A.B. asks: 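One structure, pasted below without further comment.
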Amino acid sequence: MTECTNSRLPDNKQRELITAAYDPQTVRLAGEHMIELLSKHLRVVQDASGPVLHWFEPNENITLAHKQLAAGEIGPPSDVPELLARFDELVKQTLSRGQNLHHPHYVGHQVPASLPLASLFDAVTTMTNQVMAIYEMGPWATAIERAIVNKLGETLGFPAGEFTGLVTSGGSLANLTALLTARNVTLGNSWSRGLTSHSPAPVLVAHAESHYCVTRSAGILGLGTDQVVRVPLDERRRMNVNELDAILTDLRQKNVPIVAVSAAACATPIGAFDPLVDIAEVCQRHDVWLHVDAAHGGAACFSARHRHLVEGLHLADSVVCDAHKMMFMPALCALVFYRNPEHRYAAFQQAAPYLFDPSAPGMAEFDNGVSNLECTKRAAAMGLWGTWSLFGSRLFEALVDTTFDLSQHFYELLTAQDDFEPYCRPECNILVFRHLPVELRDRSPTEIDQYQLQLRRAVIQSGDYYLVQTQLDGRSYLRTTLINPLTQAVHLQGLLENLREQGRQLLSR
Ligand SMILES: Cc1ncc(COP(=O)(O)O)c(C=O)c1O
């Protein structure tokens, strides 16, 4: 027998290190302490006691993060109390330097004040590392995802038992997956042969203000970003159905292959919902795959008062809905739905004998790796399943109603001011506006636009509020997403006062 001279077992020091790192008692002590810190942090943030964003220049943060790594290199903690002290320092540093999404003054991007209990459910699957390429690696997590797909799909309007879907990491990946399926179905052999045999070059027809991930998908799918045909918008920035009809008629006459029409419910800039029933009728008439990016607005289906906004979603061939937006889940949790269950396997086709067991072919139906880009995949729906199981869908209805109503209130508030101008009445919880103080009235459009951008930067760096900016038809605006149900009218009144005060300081410089 040959001796393997290079192999050696871990020495005692390494064994001790591994034992300390896996010690369940340490996990208990650190975990209890972390829950203490987190609950205190949540209380302070939710009470609006501190700043919403702790602004530090990126390089300052990176240097600090490096320092902690360097401290780890000096040597491991000598005992449990020292480990807990280091743990405390690392968690506190993280909490004190982050973005406080649970602060009522957070009115920025489409990322919610997530439901805190959902992250505790997520912790169960991260600590036990339930991954899901194949059913047997994460049987319960797979079952949870299947139940969530069924329940949310039915809530979106798909007939029970007649559709399929999957859970994936984020709206961008979800849109890419759905559009890849559309490409493979509509362009026959494109998975194996690429697009070489297709002439003229295929196109993707999309809402003119689709999220950038839709155009990016066209690049990744080999269509090319120049092959995205943008459908002009109507006066409410929704896809213009007559223009869509004319575009599809023209493309069909020229025999240009059409991968899909990608509609939005709602589109990112101002939260405009496309008229899905009319769009579906046009797509059916031209025999074109309809994809709906409902990453933000899909959750309107939970609300008796707002579900009309997504009427017709069930007519789409594929739909994307992000639970980490309007279902208030921690990132990442996004869903893709296919109207035709057979399309579940149309995105990815390859052999992987080391994963899929040919002796149990029926099990492949439950293997996520077959329909997801990811092989090792996080158990992404645990928080959603746990919260839904605790509170029922009425919680999501309450969250949608509360935040949508708040944006109506904000619109009324803005309209009543002389120095603020809302872009339009919001359809959901995204609201765009400008600050136009008297001093700015006679300034050029460029100066007015510059002012909006400088004002936003001054506000976010002050830590008082967090909002974002956008451009519409070449002009700059302030943009808010009211995605924290703890934000109230008084906080929005405070935002206007804050903008005025920061504006005064800017204009007096
Ligand atoms: C309409 C729409 N689609 C897709 C996305 C991308 O989703 P994600 O950030 O989860 O990748 C966004 C993000 O804001 C969006 O608004």
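Note that this is a predicted model, so its numbers are computed, not measured. Note that ligands are numbered from 1 as they come in the structure, with each ligand's atoms numbered from 1 the same way.
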A.B. asks: Going by the order shown, which atoms of ligand 1 are within less than 4.0 Å of some heavy atom of A295?
C.D. replies: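 What qualifies from ligand 1 is 2 (C), 3 (N), 4 (C).
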A.B. asks: Distance to 0.1 Å, residue and atom name: give those for the protein heavy atom nearest to atom 7 (O) of ligand 1.
C.D. replies: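 Minimum-distance protein heavy atom for atom 7 (O) of ligand 1 reads K325 NZ, 3.0 Å.
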A.B. asks: Mark yes or no: R183 above the aromatic ring of W191, with NZ or CZ under 6.0 Å from the six-membered ring centre and no more than 45 degrees from the axis.
C.D. replies: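 Verdict for W191: no cation-pi partner in R183.
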A.B. asks: Using a strict 4.0 Å cut-off to heavy atoms of S172, name the atoms of ligand 1 that fall inside it.
C.D. replies: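 Heavy-atom distances to S172 below 4.0 Å select 6 (C), 7 (O), 8 (P), 11 (O).
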A.B. asks: Ignoring hydrogens and angles, state whether a donor on the side chain of S303 or D401 is under 3.5 Å from an acceptor on the partner side chain.
C.D. replies: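 Present: a donor and an acceptor within the cut-off.
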A.B. asks: Does A267 come within less than 4.0 Å of ligand 1, judged by its heavy atoms?
C.D. replies: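 False for this residue.
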A.B. asks: Go through ligand 1 atom by atom and flag the ones less than 4.0 Å from a non-hydrogen atom of Q110.
C.D. replies: 14 (O), 16 (O)
A.B. asks: Applying a heavy-atom cut-off of 4.0 Å, say which part of A264 lies close to ligand 1: side chain, backbone, both or neither.
C.D. replies: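 For A264, no heavy atom sits under 4.0 Å from ligand 1.
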A.B. asks: Under 4.0 angstrom from ligand 1, any heavy atom of H324?
C.D. replies: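 It does; at least one heavy atom falls under 4.0 Å.
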A.B. asks: Taking atom CZ as the centre, does R216 end up with more than 12 heavy-atom neighbours from other residues, nucleotides or ligands that are less than 6.0 angstrom away?
C.D. replies: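 No, CZ of R216 has 12 or fewer neighbouring heavy atoms, counting only those of other groups under 6.0 Å.
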A.B. asks: If the cut-off is 4.0 Å to any non-hydrogen atom of C266, which atoms of ligand 1 fall inside it?
C.D. replies: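 Selected atoms, number and element: 1 (C).
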A.B. asks: So, using ring pair (Phe, Tyr, Trp, His ring centres under 6.0 Å) as the criterion, who are the partners of Y465 when residues are at least two apart?
C.D. replies: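 Counting only residues at least two positions away or on another chain, Y465 forms a ring pair (Phe, Tyr, Trp, His ring centres under 6.0 Å) with H105.
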A.B. asks: Mark up the atoms of ligand 1 that fall under 4.0 Å of a heavy atom belonging to G170, in ascending order.
C.D. replies: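 Those of ligand 1 that fall under 4.0 Å from G170 are 10 (O).
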A.B. asks: Would you check the N or O atoms of H296, main chain and side chain alike, for any that come under 3.5 Å of an N or O of ligand 1?
C.D. replies: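 The answer is no, given that H296 and ligand 1 share no N or O pair closer than 3.5 Å.
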A.B. asks: With salt bridge (charged side-chain N to carboxylate O under 4.0 Å, His left out) as the criterion, how do R378 and D122 come out once you've worked through the C-alpha distance, each side chain's angles and the decisive distance to 0.1 Å?
C.D. replies: CA-CA 10 Å; R378 193 179 150 261; D122 276 350; 3.3 Å; yes
A.B. asks: Mind running salt bridge (charged side-chain N to carboxylate O under 4.0 Å, His left out) on R307 and E311 for me, showing each step along the way?
C.D. replies: CA-CA 7 Å; R307 68 169 299 130; E311 195 193 338; over 6 Å; no
A.B. asks: For atom 16 (O) of ligand 1, what is the closest protein heavy atom, and at what distance to 0.1 Å?
C.D. replies: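 Sorting protein heavy atoms by distance from atom 16 (O) of ligand 1 puts T268 OG1, 2.9 Å first.
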A.B. asks: Does a side-chain N-to-carboxylate-O contact under 4.0 Å join E427 and R237?
C.D. replies: no
A.B. asks: Going through the checks in order, is the ring pair (Phe, Tyr, Trp, His ring centres under 6.0 Å) test met by Y411 and F433?
C.D. replies: CA-CA 9 Å; Y411 172 76; F433 65 101; over 10 Å; no
A.B. asks: Answer yes or no: does an N/O atom from G171 fall short of 3.5 Å to an N/O atom of ligand 1?
C.D. replies: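 For ligand 1, there is an N or O atom that lies under 3.5 Å from one belonging to G171.
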A.B. asks: For atom CD of Q46, is the number of surrounding heavy atoms from other residues, nucleotides or ligands below 6.0 Å larger than 12?
C.D. replies: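 For Q46, atom CD is crowded (more than 12 foreign heavy atoms under 6.0 Å).
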A.B. asks: Parallel, tilted or perpendicular: which one describes the rings of F396 and F302, with boundaries at 30° and 60°?
C.D. replies: tilted
A.B. asks: Among D293, T168, L332, D322, which one has a heavy atom closest to atom 1 (C) of ligand 1?
C.D. replies: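 Checking each option, the heavy atom nearest atom 1 (C) of ligand 1 is found in D293.
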A.B. asks: May I ask you to identify the nearest protein heavy atom to atom 12 (C) of ligand 1, giving residue, atom name and distance to one decimal place in Å?
C.D. replies: H211 CD2, 3.2 Å
A.B. asks: Quick one: does ligand 1 sit under 4.0 Å from the side chain of V214, the backbone, both or neither, non-hydrogen atoms only?
C.D. replies: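 V214 to ligand 1: no contact under 4.0 Å from either part.
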